[in-house]
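Notes for the one structure printed next.
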Amino acid sequence: MRTTEYLLATLKETPSDAEVISHQLMLRAGMIRKLAAGLYTWLPTGVRVLKKVEAIVREEMNRAKAIEMLMPIVQPAELWQESGRWEQYGPELARLNDRHGRGFVLGPTHEEVMTEMVRNQISSYKQLPITFYQIQTKFRDEIRPRFGAMRSREFVMKDAYSFHLSNECMDKTYEIMHQAYCNIFERLGLDYRPVVADSGSIGGAVSHEFHVLADSGEDDIAFSDASDYAANVEMAEALAPTTPRAAATEQLTEVATPNAHTIDDIAKLFKVEASQTIKTLIVHGIKEEDSDEQPLVALVLRGDHQLNDIKAEKTGSVAHPMTFASDEEIKQATGTNPGSLGPIGLKMPVIVDRSAANLADFICGANKDGYHSTGANWDRDITGFEVADLRNVVEGDASPCGNGTLSIKRGIEVGHIFQLGKKYTTAMNAGVLNDNGKNEILNMGCYGIGISRIVAAAIEQNHDKYGIKWPEAITPFQVVLIPMNMHKSHRVADVAQKLYDELLEAGVEVLFDDRKERPGVMFNDMELVGVTHTIVIGERNLDEQLVEYKNRRSGDKEKLAIDSVTDFLKSKIG
RNA sequence: CGGUAAUUGGCGCAGUUUGGUAGCGCACUUGGUUUGGGUCCAAGGGGUCGCAGGUUCAAAUCCUGCAUUACCGACCA
């Protein structure tokens, strides 16, 4: 490709609404342009990368014996009503009507269409197990699209679905797909981790997320320093402290604390660590049937810990989804305002986090406006409480796997695999005849990869102040040729042309910067676009029949004989 | 959806306080100049200042309403 016959579309300045580095660089390197909020046009350079990611995913899916197909983006509303997600999905599901007034949705995912296809086309256990996939555009009307291709409303996804009779068979395919995902991220050249995940609203039991590690990631991942254990922070269990609780040494004392309402205030006032204080959060409990009364539940954590709402919901006492009680509700139930709450004498179920339950002589609200209690102790001052894991793990916690301690890093979720079980197949009555000739509902697995998000994640992980540094597997071009002042030197022009022809002949994806630009402009543009292998052709070296090779990733430079360039590059590209 | 801010040629911004014929840099076109790290000079094309209404002799500027966009909070590949 010659730049004069291409659309390079690089920018010197960063459009002002780009926040994260991958978004900025994708705009500046001429990969994407915004059409509207969360909607992007992929320019030629962006498409070249996108297609390479797709190709790797496609190869590994095929290798895992998944079969490619293609389903429509526009899907009939009836299917979504049948699965129950027409109501469940909420405003993120974009709905529309055709000219006859019939309801449709823009597909945010394809479980329904897939299940519909399988119930019609697969009728015997002899056809199982079977896995289908597609690489296709999805639409999710996100509340807040941001970060460019990282979280857009329209995006490219690979989604796969497997079907089985037995759980064992589903497990087996799940393992195969897990391995296929590892192969994909390995080949992409990304630093990634599979992590144990919450299966969220899609449902089902077993689930893993695949995260690309990057500081700009939106998820916290907890790792063990001594094993392979990795889990989304929302899922990682906070183990009970192993040291026994200290004995009570202080008397319970009420202290006036008129201006202290937060944990920070209290810790400063009493000159103690936040970990010696307790915070009490009032949330909505589960309503009794045929009762209008809204029960409340008190959740108690150490002052320095954060509540994990998924864990709270799992206690069985807390409403789904977890919601905080309003100030009025709290005032009515406890007679005090939120800043002075404590577990002592509360007339509602009290659930105490394991770490908080291990404290002795701690400080908590006195349930009296403007007062806190010091020297509080469990069992002596508070009784009738329940102990559970309620908090997010923090750096330095013992790993739940039993080996090592946890550290926490940011990750970008680029893949997610689930064992769905029979959730959709039951709702949509998708079964096959088993070996007894009886109809049996199918087990289902689903496996997603965010193709366009991978492009952004790869940039987050591979850039410097000059621009992108592509992993070779997904580089938009394999080689760039940068001639110095070609229009003034026939020798430079001739050599550049010869190398270009040779590389094309050898099947190398080469970008020939044949613009009449000053060298600095070319260098800057090409470093921004981020192609690894660069050949600079200049008068300076031509007397010795040499050209210059530069590696964008390693920074290595060397001089090459003109005749050896093609072979040299072919060996580098592999 | 709530909170904050913004909206002026393709991009980045000034001009708004104090109303008086719309400006700068980048990009683009033409000519020249320069040539191994974003040259320099000259000429040129392109904007009814987000939209609607109001105040005024006069509105990018003041007032009202609406829209769009970005950032901070709950979902997800």
Sequence-distant partners of [X], salt bridge (Lys or Arg N to Asp or Glu O under 4.0 Å), two or more places apart:
{"X": "Arg95(A)", "value": "none"}
{"X": "Lys311(A)", "value": "Asp389(A)"}
{"X": "Lys51(A)", "value": "Glu54(A)"}
{"X": "Arg2(A)", "value": "Asp514(A)"}

Query raised in the report: Can you check whether Phe155(A) stacks with the A77(B) base, using ring centres under 5.5 Å and planes within 30°?
Result: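 According to the criterion (under 5.5 Å, under 30°), yes, Phe155(A) stacks.
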
Grab the N/O contacts between the protein and nucleotides 1-10 of chain B below 3.5 Å, and write none if there aren't any.
none

Query - Residues in side-chain hydrogen bond (donor to acceptor under 3.5 Å, both in side chains) contact with Asp513(A), at least two apart in sequence or another chain - result: Thr3(A), Arg515(A)

Query raised in the report: Can you list the residues that meet the side-chain hydrogen bond (donor to acceptor under 3.5 Å, both in side chains) rule with Gln306(A), with sequence neighbours excluded?
Result: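 Scan of Gln306(A) (side-chain hydrogen bond (donor to acceptor under 3.5 Å, both in side chains), adjacent residues dropped) gives none.
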
Contact list (N/O, under 3.5 angstrom) for nucleotides 31-35 of chain B vs protein:
residue	atom	partner	partner atom	Å
U34(B)	O2	Arg518(A)	NH1	2.8
U35(B)	O2'	Asn485(A)	ND2	2.5
U35(B)	O2	Asn485(A)	OD1	2.4
U35(B)	O4	His487(A)	NE2	3.1

By the 4.0 Å heavy-atom rule, please label [X] as base, sugar-phosphate, or nothing.
{"X": "Asp141(A)", "result": "nothing"}
{"X": "Thr14(A)", "result": "sugar-phosphate"}
{"X": "Asp17(A)", "result": "sugar-phosphate"}
{"X": "Val536(A)", "result": "base"}
{"X": "Asp219(A)", "result": "base"}
{"X": "Gly415(A)", "result": "sugar-phosphate"}
{"X": "Gln136(A)", "result": "nothing"}
{"X": "Thr10(A)", "result": "nothing"}
{"X": "Val414(A)", "result": "sugar-phosphate"}

Query raised in the report: Under 4.0 Å: is that the gap between some side-chain N or O of Ser16(A) and OP1 or OP2 of C13(B)?
Result: yes

**Report entry** Arg146(A) side chain near C72(B) phosphate (N/O to OP1/OP2, under 4.0 Å)
**Finding:**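 Yes, within the criterion.
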
Query raised in the report: Given that Arg453(A) and Phe147(A) both sit by RNA chain B, which one's nearest nucleotide is further toward the 5' end?
Result: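 It is Phe147(A) whose nearest nucleotide is closer to the 5' end.
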
Report task. Give the minimum heavy-atom separation between Tyr447(A) and Phe418(A), together with the two atoms involved. Result ->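 Looking at all heavy atoms of both residues, the closest pair is CE2-O, 4.3 Å.
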
Protein N or O to nucleotides 22-26 of chain B N or O, pairs below 3.5 Å:
residue	atom	partner	partner atom	Å
G25(B)	N2	Glu13(A)	OE1	2.9
C26(B)	O3'	Lys12(A)	NZ	3.4

Which atom pairs link the protein and nucleotides 49-51 of chain B when you take only N or O atoms and keep those under 3.5 Å?
none

**Report entry** Side-chain-base donor-acceptor pair under 3.5 Å for Glu539(A) and G36(B)
**Finding:** no

Please report, rounded to the nearest Å, how far the [atom2] atom of [N] is from the [atom1] atom of [X].
{"X": "Asp525(A)", "N": "G36(B)", "atom1": "CG", "atom2": "C1'", "value": "16 Å"}
{"X": "Phe523(A)", "N": "G38(B)", "atom1": "CZ", "atom2": "P", "value": "10 Å"}
{"X": "Glu92(A)", "N": "C76(B)", "atom1": "CD", "atom2": "P", "value": "8 Å"}

**Report entry** Cation over ring face, Arg33(A) and Tyr40(A), 6.0 Å, 45°
**Finding:** no

Pairing partner of [N] (Watson-Crick or G-U wobble, both distances under 3.5 Å):
{"N": "G45(B)", "answer": "none"}
{"N": "G36(B)", "answer": "none"}
{"N": "C26(B)", "answer": "G10(B)"}
{"N": "C76(B)", "answer": "none"}
{"N": "C66(B)", "answer": "G50(B)"}

Report task. Ignoring the backbone of Ala36(A), work out which of C75(B), G38(B), U69(B) is nearest its side chain. Result ->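 Selected nucleotide (nearest to the side chain): U69(B).
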
Query raised in the report: Which of the following nucleotides, G36(B), G37(B), A70(B), is nearest to the side chain of Glu548(A)?
Result: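 Among the listed nucleotides, the one closest to the side chain of Glu548(A) is G36(B).
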
Query raised in the report: In residues 180-193 of chain A, what residues come within less than 4.0 Å of RNA chain B, judged by heavy atoms?
Result: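 RNA chain B contact set from residues 180-193 of chain A: none.
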
Report task. Return each pair, listed once, that meets side chain to side chain donor-acceptor pair (under 3.5 Å) where at least one residue sits in residues 146-156 of chain A; pairs must be two or more places apart or across chains. Result -> Asp141(A)-Arg153(A), Glu142(A)-Arg151(A), Arg146(A)-Glu218(A), Arg151(A)-Glu218(A)

Query - Residue pair Phe210(A), His178(A): steps toward the ring pair (Phe, Tyr, Trp, His ring centres under 6.0 Å) verdict - result: CA-CA 9 Å; Phe210(A) 288 77; His178(A) 190 290; 5.2 Å; yes

